[in-house]
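Accompanying notes for the structure given below.
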Number of protein chains: 2
Amino acid sequence: MSNKNFKVNRQNKLLELATKCLARNPNASLLEIADFAGIGIATLHRYFPGRNDLLHAISSKALDLVEDSLEKVDFTQPDIRLFFTRIITELIPLGDRMYFLAADIFTIHDEELTKREMNIAQRFIEKIKESQVDKQLRNDMKAEWMYDMMFNTIFLIWKYVHDGKMAAKDAPELVVSTLLDGFRDD
Amino acid sequence: MSNKNFKVNRQNKLLELATKCLARNPNASLLEIADFAGIGIATLHRYFPGRNDLLHAISSKALDLVEDSLEKVDFTQPDIRLFFTRIITELIPLGDRMYFLAADIFTIHDEELTKREMNIAQRFIEKIKESQVDKQLRNDMKAEWMYDMMFNTIFLIWKYVHDGKMAAKDAPELVVSTLLDGFRDD
DNA sequence: ATTAAATGATATATTTTTATATCATTTAAG
DNA sequence: CTTAAATGATATAAAAATATATCATTTAAT
């Protein structure tokens with residue numbers, strides 16, 4: 001039992017390092033990934049039989065993290081600005097472990113993963129639609145578009161934080177204000 | 001002379017098809033690219049000695065297209081909304097030929113290309129800064145951020161148009177309004 | 001301390017990708 | 001029509017990536 005947990009933790013650590021390596025160079029070979037993680041190529045193959053298995057595990061883990069984040073957020077929060085701030089504050093620290101949900105390259109065409117992604121999207125889109133009904137958000141724009149913009153913007157701010165162009169603590173406010181208020185001076 | 005133009009046109013056509021192929025599958029092999037373009041792998045190598053040469057040419061061509069688009073746009077247009085609408089209308093039809101400027105995967109670490117990208121960015125950033133001074137755009141946000149958001153949003157709408165989620169003609173207004181006005185209902 | 005499992009290094013095999021060479025056929029120009 | 005260049009198909013070489021096997025060493029559990 002504790003043995004199994006040890007293995008699981010090691011696997012998680014490996015996943016995290018593999019993710020970081022691939023975020024730096026999406027074309028990294030398995031050998032490069034193993035070196036980066038400080039393990040032998042043989043061990044990498046023991047944990048993940050093939051490249052696809054690794055990519056799938058990374059994607060799945062990324063979805064785990066997002067799902068966990070959503071658990072912590074109150075979707076009944078009536079103020080959409082507070083809601084957005086809360087969720088984005090939660091998501092930003094996930095950093096490059098999220099890279100994979102954005103980069104098409106890694107998209108594993110897997111029914112289960114796609115389904116999970118769609119479920120996440122659906123929760124947001126419904127929340128957005130509610131806010132459209134009660135006039136907090138514009139009604140002349142599709143909720144799906146707003147959702148995609150939100151995630152797209154989060155990916156952009158991740159890069160900013162990663163590149164040191166912005167402090168993580170300032171990120172949520174910038175993202176929320178950009179999305180809700182736009183660039184226009186009023 | 002006309003012989004040379006024939007070759008150049010053929011090369012352009014090949015570049016376009018290669019780009020489309022890579023946009024669909026960024027890990028496409030050279031053989032897949034050649035097949036997609038309906039030419040032999042030998043011919044592909046004749047035009048582009050190696051994979052990097054091809055990627056470099058694609059990136060360069062993409063920058064050509066953006067630069068050409070900028071040429072058509074009046075940067076002295078004082079109304080920033082009209083300016084944004086104009087430039088985005090110009091950029092959207094470039095479609096997946098632009099994919100490469102967004103996807104990190106293809107980033108060729110090439111001084112010349114980086115320089116050209118930076119020049120393009122600089123023109124926009126200066127325009128944005130001017131609009132901040134005359135109170136058309138918010139002053140509490142870095143111009144660089146607005147620029148990155150703009151391109152990021154254009155990439156997103158490209159996907160929408162490509163996937164048939166949106167008519168190309170409706171795209172510019174949505175992008176401009178999203179960026180300038182935000183999601184908030186007011 | 002002993003034992004069994006896991007690991008990393010290494011060697012090696014397999015597969016895939018990239019690159020080059022050859023040649024008959026097609027194409028464009030004069 | 002003739003000629004020279006360009007092309008695509010094919011073969012093949014070279015390189016890179018992926019996968020498997022072996023084994024001495026390390027590690028964790030008892």
Side-chain angles (χ1 to χ4, degrees), chain A residues 1-60 99-100 103-110, chain B residues 1-60 99-100 103-110:
Chain A
M1 177 70 96
S2 67
N3 180 19
K4 193 182 173 189
N5 281 337
F6 171 73
K7 264 187 75 171
V8 168
N9 284 337
R10 203 154 182 336
Q11 182 161 354
N12 278 337
K13 186 67 186 168
L14 169 54
L15 266 187
E16 197 180 318
L17 287 170
T19 307
K20 188 177 278 187
C21 179
L22 284 165
R24 294 186 186 187
N25 170 22
N27 289 319
S29 73
L30 294 182
L31 184 61
E32 285 171 312
I33 293 170
D35 285 349
F36 184 89
I39 66 172
I41 178 70
T43 306
L44 178 61
H45 272 106
R46 281 182 197 112
Y47 279 99
F48 306 101
R51 183 175 243 270
N52 263 351
D53 303 289
L54 175 62
L55 293 182
H56 185 282
I58 287 176
S59 298
S60 184
Y99 197 81
F100 291 76
D104 290 345
I105 320 304
F106 306 113
T107 306
I108 303 290
H109 295 296
D110 177 285
Chain B
M1 177 70 97
S2 66
N3 180 19
K4 194 181 173 186
N5 281 340
F6 171 73
K7 264 187 73 169
V8 167
N9 285 337
R10 203 167 153 58
Q11 181 161 354
N12 278 338
K13 187 67 186 167
L14 169 55
L15 266 188
E16 199 181 317
L17 288 170
T19 306
K20 188 178 276 187
C21 179
L22 284 166
R24 293 184 186 188
N25 169 23
N27 289 319
S29 72
L30 294 181
L31 183 60
E32 286 172 311
I33 293 171
D35 284 348
F36 185 89
I39 66 171
I41 178 71
T43 308
L44 178 60
H45 273 106
R46 281 183 197 111
Y47 279 97
F48 306 102
R51 182 174 244 272
N52 262 352
D53 303 290
L54 175 61
L55 294 183
H56 185 281
I58 287 176
S59 298
S60 185
Y99 196 82
F100 291 77
D104 291 346
I105 320 304
F106 306 113
T107 305
I108 302 289
H109 295 296
D110 177 285

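The sequence lines fix the lettering, A, B, ..., with proteins before strands; numbering per chain opens at 1.
In terms of the side-chain contact (heavy atoms from CB on, under 4.5 Å) criterion, residue partners of A:Ala42 (sequence neighbours excluded) are, by chain and number, A:Arg46. Residues passing the side chain to side chain donor-acceptor pair (under 3.5 Å) test with B:Asp110 are B:His56, sequence neighbours excluded.
In this structure, CD1 on B:Ile58 lies 11.0 Å from CG on B:Asp53, to the nearest 0.5 angstrom. Note: A:Leu44 CG to A:Leu54 CG = 6.0 Å, rounded to the nearest 0.5 Å.
Residues A:Ile41 and A:His45 form a side-chain contact, since some pair of their non-hydrogen atoms from C-beta on lies under 4.5 Å apart. Residues A:Leu22 and A:Leu55 meet the side-chain proximity criterion, which asks for heavy atoms closer than 4.5 Å.
In this structure, CD1 of A:Ile39 is placed 8 Å from P of C:dT7, rounded to the nearest angstrom. For the pair A:Leu30 CG and C:dG8 P, the interatomic distance rounds to 15 Å; values are reported in whole Å. A:Ile33 places its CD1 atom 14 Å from the C1' atom of D:dA19, with the value rounded to the nearest Å. Residue B:Arg46 contributes atom CZ, which lies 10 Å from atom C1' of C:dT22 at whole-angstrom precision. Computed from coordinates, the B:Asp35 CG to D:dA9 C1' distance equals 11 Å when rounded to whole Å. One atom, CZ of A:Phe48, and another, C1' of D:dT18, lie 16 Å apart when rounded to the nearest Å. Atom-to-atom, NE2 of A:His45 to P of C:dG8 comes out at 14 Å; the value is rounded to the nearest Å. Taking atom CG on B:Asn27 and atom C1' on D:dA17, their separation rounds to 13 Å, with Å as the unit.
Within the helix from C:dA1-D:dT30 to C:dG30-D:dC1, the inter-axis angle between the opening and closing five-pair segments is 40°, rounded to 10°.
Among A:Leu30, A:Leu15, A:Ile33, the single residue meeting the side chain to side chain contact (heavy atoms under 4.5 Å, CB included) criterion with A:Phe48 is A:Leu15.
Between A:Tyr47 and C:dT7 there is a side-chain polar atom (N or O) within less than 4.0 angstrom of OP1 or OP2.
The main-chain N or O of A:Ile39 is never found under 3.5 Å from a side-chain atom of A:Thr43 such that the two would form a donor-acceptor pair.
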Distances for protein N/O vs nucleotides 10-14 of chain D N/O pairs under 3.5 angstrom?
none

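Note on B:Thr43: a base of the nucleic acid sits closer than 4.0 angstrom, heavy atoms only. A:Leu31 comes within contact range of no nucleotide atom at all, as no heavy-atom separation falls under 4.0 Å.
Scanning all heavy atoms of the two residues, the minimum distance from B:Glu32 to B:Cys21 falls at O-SG, 4.2 Å.
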